Amino acid sequence: MTQNRKEVIDRFTGNLANYILHSILERAVEKSHREFLPGYQRALKNSMNVATAYRNKIHPLDAPLPEKDASYIKTKIIQKVRNELNLRISKGYGGIDLSLIEPSVENVLKELKIAV
């Protein structure tokens with residue numbers, strides 16, 4: 001584990017939040033705005049790659065994170081994604097489903113072996 005665990009966890013949550021944000025935005029894109037899809041897909045791939053690298057630095061992959069860390073990570077990701085989506089909605093983005101946030105977070109955390 002690196003010396004600055006909190007910083008690594010914060011960077012991890014930021015990248016996962018970005019991944020989830022863009023996956024929700026990708027679903028919300030209407031047919032008339034398909035030109036945004038390649039950008040969203042690049043952001044998805046890049047964010048997941050970086051988040052996976054940080055996950056490897058936080059804790060061994062073969063063991064789930066401690067419950068305290070897992071719940072902190074889940075809470076921070078949900079908060080970041082909800083805030084950013086609300087900001088996008090206030091800017092006029094349409095078709096964004098806020099109910100997708102929590103299931104998306106849970107799926108990604110399970111995929112990265114973070115018990116919640």
Side-chain angles (χ1 to χ4, degrees):
M1 177 60 215
T2 61
Q3 287 182 330
N4 200 345
R5 180 178 171 86
K6 183 179 178 341
E7 183 178 326
V8 173
I9 289 175
D10 287 343
R11 288 181 183 195
F12 173 71
T13 59
N15 279 284
L16 272 185
N18 193 49
Y19 174 83
I20 292 165
L21 168 74
H22 283 91
S23 69
I24 292 172
L25 289 174
E26 183 180 43
R27 293 179 199 162
V29 172
E30 298 172 352
K31 290 181 182 179
S32 61
H33 294 91
R34 291 284 182 200
E35 67 270 10
F36 296 126
L37 280 179
Y40 290 156
Q41 291 166 346
R42 277 191 307 275
L44 282 168
K45 184 178 177 181
N46 185 44
S47 294
M48 183 53 84
N49 289 340
V50 173
T52 303
Y54 283 124
R55 168 62 174 102
N56 295 338
K57 291 180 181 182
I58 294 170
H59 199 71
L61 285 177
D62 57 343
L65 283 173
E67 181 65 32
K68 178 181 161 186
D69 289 340
S71 63
Y72 171 78
I73 288 170
K74 181 180 178 182
T75 303
K76 291 301 281 186
I77 292 171
I78 289 171
Q79 183 182 43
K80 287 180 181 193
V81 173
R82 187 175 311 280
N83 289 343
E84 183 61 30
L85 288 176
N86 283 328
L87 180 65
R88 303 266 178 130
I89 290 169
S90 72
K91 289 181 178 180
Y93 284 54
I96 295 175
D97 186 2
L98 296 176
S99 68
L100 295 173
I101 296 171
E102 289 193 39
S104 298
V105 171
E106 290 175 8
N107 288 338
V108 171
L109 293 179
K110 285 178 187 175
E111 181 182 324
L112 293 174
K113 298 180 182 176
I114 298 175
V116 179

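Atoms considered below: every heavy atom in the structure, side chains included; atoms not considered: hydrogens, waters and symmetry mates. Every value quoted in this text rests on a predicted model; they were computed, and no experiment measured them.
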Could you go through I114 and I58, starting from their C-alpha distance and side-chain angles, then the distance that decides it, and tell me whether this counts as side-chain contact (heavy atoms from CB on, under 4.5 Å)? CA-CA 11 Å; I114 298 175; I58 294 170; over 6 Å; no
Heavy-atom side-chain proximity of [X] to [Y] below 4.5 angstrom:
X    : Y    : value
R27  : D97  : no
L25  : L85  : yes
V108 : I77  : no
F12  : K76  : no
N107 : E111 : no

What is the minimum heavy-atom distance between [X] and [Y], and which atoms define it?
X   : Y    : answer
R82 : I101 : CA-CD1, 3.8 Å
A28 : G95  : CB-O, 3.2 Å
R55 : L112 : NE-O, 3.0 Å

Any chance you could measure [X], atom [atom1], to [Y], atom [atom2], to the nearest 0.5 Å?
X   : Y   : atom1 : atom2 : answer
L98 : I24 : CG    : CD1   : 7.5 Å
Y93 : L87 : OH    : CG    : 9.0 Å
L16 : K80 : CG    : NZ    : 10.0 Å
I9  : D69 : CD1   : CG    : 4.5 Å

For R11, what residues pass the side chain to side chain donor-acceptor pair (under 3.5 Å) criterion, not counting sequence neighbours?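 R11: side chain to side chain donor-acceptor pair (under 3.5 Å) contacts with E7, Y54.
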Can you list everything that forms a side chain to side chain donor-acceptor pair (under 3.5 Å) with N18? Sequence neighbours excluded, please.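 Residues passing side chain to side chain donor-acceptor pair (under 3.5 Å) with N18: H22, S47.
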So, are K74 and E102 salt-bridged, with charged N and O less than 4.0 Å apart?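 The answer is no: the pair does not qualify as a salt bridge.
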Salt bridge check, R88 against E84: does any charged N sit closer than 4.0 Å to a carboxylate O?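 Yes, charged N to carboxylate O under 4.0 Å.
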Without placing hydrogens or testing angles, list every side-chain donor-acceptor pair under 3.5 Å for residues 36-45, not counting sequence neighbours.
unit_1	atom_1	unit_2	atom_2	d
Q41	NE2	E26	OE2	3.2

Stepwise side-chain contact (heavy atoms from CB on, under 4.5 Å) check, I78 with I20: CA-CA 9 Å; I78 289 171; I20 292 165; over 6 Å; no
